Structures are given as structure tokens and as C-alpha cells.
Amino acid sequence: MPLLTGAEPFRHEGGETAVLLCHGFTGSPQSLRPWAQHLAERGLTVSLPLLPGHGTRWEDLGVTGWQDWYAEVDRELRLLRDRSARVFVAGLSMGGALALRLAALHGDAVSGVMVVNPANKVHGVAAHALPVLRHLVPATKGIASDIAKPVTRELGYDRVPLHAAHSLRNFFRLVDRELPQVTQPLLLMRSPQDHVVPPADSARILSRVSSADVTEVLLEQSYHVATLDHDAELIFRESTAFIGRLAPGAVREPGLGKEGTTAGG
């Protein structure tokens with residue numbers, strides 16, 4: 001299937017410090033593209049891949065699982081690590097869970113973690129019925145575009161395939177067990193008004209990671225997709241400052257790096 005316009009991955013060859021960005025469940029790189037461009041403009045190498053099953057139609061997501069999504073970001077991290085002095089990982093929602101697992105499993109290969117409204121659990125009564133319900137109902141209503149900013153929209157599916165939701169539930173359980181292995185500096189940014197991921201998820205993550213260097217930032221003016229919302233610039237500033245503190249000299253003034261590029265597939 002052809003990609004939806006705007007769902008293309010983003011890559012930028014910058015300096016020796018790299019950032020891997022992971023988008024959310026049923027979403028696409030579009031939700032993180034402004035963040036990726038902000039980082040690229042400041043001289044950082046940036047990779048924002050398109051996760052398997054995303055960016056086309058929801059039926060394509062239904063035949064993928066967490067192993068596919070994680071394998072994609074794991075591969076990208078290894079590629080970045082081979083040509084970069086240090087790598088930071090970041091993500092929105094499920095992308096935050098992907099980033100945390102990368103940190104847990106790759107240890108010193110990850111210099112820091114930045115997550116926005118990270119998800120840790122599939123909530124609600126329906127979550128417990130997923131093992132059976134997924135064989136009876138193909139999909140349910142979508143979760144994309146929870147944004148306070150008028151007119152702004154997230155490019156995501158309007159349906160959630162239940163086979164994929166069941167796999168996501170299993171993935172969250174796996175990541176939750178691995179959170180104590182996360183020791184890297186952590187920047188967690190969350191929206192008190194989030195209609196997709198409740199505050200309990202961030203609280204759970206903060207209580208289980210082993211990171212000694214933890215910064216929590218509240219995104220008071222935004223909903224779930226805060227990277228496209230009123231607090232986007234705050235996210236960009238906080239993440240740039242976080243990287244600059246941990247990797248002195250890595251962040252440059254805009255206009256000194258190469259242009260970012262997009263690539264299909």
C-alpha cells in the first residue's frame with residue numbers, strides 16, 4: 001500500500017550525537033516531525049523511522065505485532081550507534097515504551113531517554129477481553145489526534161485493529177518488567193490533560209526505573225499528542241537542553257547543519 005502523505009520517515013545526517021525518535025501506536029512520523037526537524041536544525045543526527053503496519057491503512061497494522069515495531073527501532077539504534085559517538089532515544093506514547101525498552105536492553109549504548117506521555121498499560125475492561133475479543137471484532141474506534149490546539153490534526157488511523165492492540169498489551173507488560181534496567185538520565189514530559197494515556201502510566205514508569213538523573217516536565221496546555229500541541233516548543237526546548245547538558249557541544253545554533261531528508265518505506 002502507498003504511504004499516506006506526511007507519514008514518511010525522517011532522517012538527517014548531522015554531528016556525532018544522534019537522536020532516535022519513535023512514534024506512537026496507530027500514528028506516524030508526522031506526529032514527531034517538528035521535533036525531529038528542531039533537533040536536526042541544531043546539528044544533531046536524527047532518525048525518525050516509520051514503524052511496520054503504520055502510515056498506510058489500519059488493516060496493515062492488524063497483521064503486525066510488537067516484535068515488528070521493536071525490531072525496527074532496534075535496527076535503527078544499532079545503525080546510529082555504529083556511526084555516532086552517542087545516541088539518545090525518544091518517543092511519544094507507545095514510542096516512549098519502545099524508547100524505554102531500547103534503554104533497558106542496550107545499556108551504555110544509550111546516553112539518555114526522552115519520553116512524551118509514555119504509555120505503560122492498556123486500560124479499561126475491554127483490555128482484559130482482548131485475547132478473545134480480537135477473534136470476534138476486527139477493530140474498534142481510533143485514538144489518534146487527541147490535541148487541544150484548534151485545527152491541528154495527527155496523521156493516524158481512525159480504527160484500532162484488535163490483534164495489534166492485544167500485542168501492544170503484551171508489549172507493555174514486557175516493558176514494565178524491564179523498567180528497573182533503565183539507568184540512563186530520563187526526561188519525562190507529560191500532559192495532565194491526556195485523554196489517551198492516564199497519569200498513572202507516567203507515575204508507574206517513574207517509580208520503576210533505576211535512573212538517578214530524572215526530570216519531569218508538565219505540559220499544562222496540551223493533550224496526548226503534545227508534540228503537535230501548544231507545548232511543542234516547550235518539548236523542543238527541554239529536550240535540547242537535556243541533550244546539551246549530557247553531551248556538551250553537541251547542540252549548535254540553527255543553520256549550521258545539513259538539511260533533513262525524508263525517505264519512503
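We're numbering straight along the sequence, starting at 1. As the structure is a prediction and not an experimental result, all values here were calculated from the model. Every heavy atom of this structure was used, including side-chain atoms; hydrogens, water molecules and symmetry mates were not.
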List the atom pairs, donor and acceptor, that lie under 3.5 Å between side-chain atoms in residues 48-57 and the rest of the protein, sequence neighbours left out.
| residue | atom | partner | partner atom | Å |
| --- | --- | --- | --- | --- |
| His54 | ND1 | Leu51 | O | 3.4 |
| His54 | ND1 | Pro52 | O | 3.0 |
| His54 | NE2 | Thr26 | N | 3.1 |
| Thr56 | OG1 | Asp60 | OD2 | 2.6 |
| Thr56 | OG1 | Tyr157 | OH | 3.3 |
| Arg57 | NE | Asp60 | OD1 | 3.3 |

TODO: Assess whether side chain to side chain contact (heavy atoms under 4.5 Å, CB included) is satisfied between Leu98 and Val175, documenting all intermediate values.
DONE: CA-CA 8 Å; Leu98 290 169; Val175 175; over 6 Å; no
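- The salt bridge (charged side-chain N to carboxylate O under 4.0 Å, His left out) search around Arg83 returns Glu13, not counting sequence neighbours.
- Annotation: salt bridge (Lys or Arg N to Asp or Glu O under 4.0 Å) contacts involving residues 170-183, sequence neighbours excluded, comprise Arg101-Glu178, Asp176-Arg204, Asp176-Arg208.
- The side-chain hydrogen bond (donor to acceptor under 3.5 Å, both in side chains) check on His38 picks up Arg42, Thr240, with sequence neighbours excluded.
- A side chain to side chain contact (heavy atoms under 4.5 Å, CB included) with Leu234 is found for one member of Leu219, Asp229, Leu218 and no other, namely Leu219.
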Result block: side-chain N/O donor-acceptor pairs under 3.5 angstrom for residues 87-97, not counting sequence neighbours:
| residue | atom | partner | partner atom | Å |
| --- | --- | --- | --- | --- |
| Ser93 | OG | His224 | NE2 | 3.0 |

TODO: I would like to know whether Leu206 and Leu186 meet side chain to side chain contact (heavy atoms under 4.5 Å, CB included); could you show each step before the answer?
DONE: CA-CA 9 Å; Leu206 291 173; Leu186 172 63; 4.1 Å; yes
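- Cluster partners of Leu155 are Leu4, counting Ile, Leu, Val, Met, Phe, Trp and Tyr whose side-chain heavy atoms approach within less than 4.5 Å, directly or via other members.
- Looking at heavy atoms from C-beta onward, Val251 lies out of side-chain contact with Phe242 at the 4.5 angstrom threshold.
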TODO: Kindly indicate, with the supporting measurements, whether the criterion side chain to side chain contact (heavy atoms under 4.5 Å, CB included) is fulfilled by Leu21 and Phe10.
DONE: CA-CA 9 Å; Leu21 295 164; Phe10 176 95; over 6 Å; no
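- Looking at heavy atoms from C-beta onward, Thr45 lies out of side-chain contact with Leu39 at the 4.5 angstrom threshold.
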Open item on the list: Let's go through Glu16 and Ser84 carefully: what are the C-alpha distance in whole Å and the side-chain angles of both, what is the deciding distance for side-chain hydrogen bond (donor to acceptor under 3.5 Å, both in side chains) to 0.1 Å, and is it a yes or a no?
Closed with: CA-CA 5 Å; Glu16 293 187 348; Ser84 305; over 6 Å; no
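- A donor-acceptor pair is defined here as one N or O able to donate and one able to accept, closer than 3.5 Å; such a pair exists between the side chain of Ser211 and the backbone of Gln184.
- You'll find the side chain of Pro118 reaches within 4.5 Å of the side chain of Ser202, heavy atoms only.
- Sorted by first and then second residue, the ring pair (Phe, Tyr, Trp, His ring centres under 6.0 Å) pairs involving residues 180-207 (not counting sequence neighbours) are His195-Tyr223.
- Applying the salt bridge (charged side-chain N to carboxylate O under 4.0 Å, His left out) test to Asp68 and every residue at least two apart in sequence or in another chain returns nothing.
- In this structure, Asp74 pairs ionically with Arg78, as a charged nitrogen and a carboxylate oxygen lie closer than 4.0 Å.
- Residue pairs satisfying the salt bridge (Lys or Arg N to Asp or Glu O under 4.0 Å) criterion with at least one member in residues 179-202, sequence neighbours excluded, are listed as follows: Arg190-Glu216.
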Open item on the list: Does Leu105 form a side chain to side chain contact (heavy atoms under 4.5 Å, CB included) with Tyr70? I'd like the steps, not just the answer.
Closed with: CA-CA 12 Å; Leu105 298 190; Tyr70 181 75; 3.6 Å; yes
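- Taking both residues in full, the closest heavy atoms of Val197 and Ala119 are given as CG2-CB, 3.9 Å, listed atom of the first, atom of the second, then distance.
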Task: Test log, rule side-chain hydrogen bond (donor to acceptor under 3.5 Å, both in side chains), inputs Thr17 and Arg86 - done: CA-CA 5 Å; Thr17 297; Arg86 61 189 69 81; 2.6 Å; yes
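- Gln37 has its side chain out of reach of Val46: every pair of non-hydrogen atoms, C-beta onward, lies at least 4.5 Å apart.
- Between Asn117 and Val196, the closest side-chain pair of non-hydrogen atoms is not below 4.5 Å.
- Placement of Val63 and Phe25 in two distinct hydrophobic clusters is found when ILVMFWY residues are connected by side-chain heavy-atom separations under 4.5 Å, directly or transitively.
- Taking the side chain to side chain contact (heavy atoms under 4.5 Å, CB included) definition, one finds that Thr215 meets it with Leu187, Asp213, Val217, Arg245, sequence neighbours left out.
- Contact check for Arg33 versus Glu8: side-chain heavy atoms found under the 4.5 Å cut-off.
- Using a 4.5 Å cut-off on side-chain heavy atoms (C-beta onward), His23 and Glu154 make no contact.
- For residues 160-182, the pairs satisfying ring pair (Phe, Tyr, Trp, His ring centres under 6.0 Å) are Trp66-Phe171, His135-His163, with sequence neighbours left out.
- Residues forming a salt bridge (charged side-chain N to carboxylate O under 4.0 Å, His left out) with Arg153 (at least two apart in sequence, or on another chain): none.
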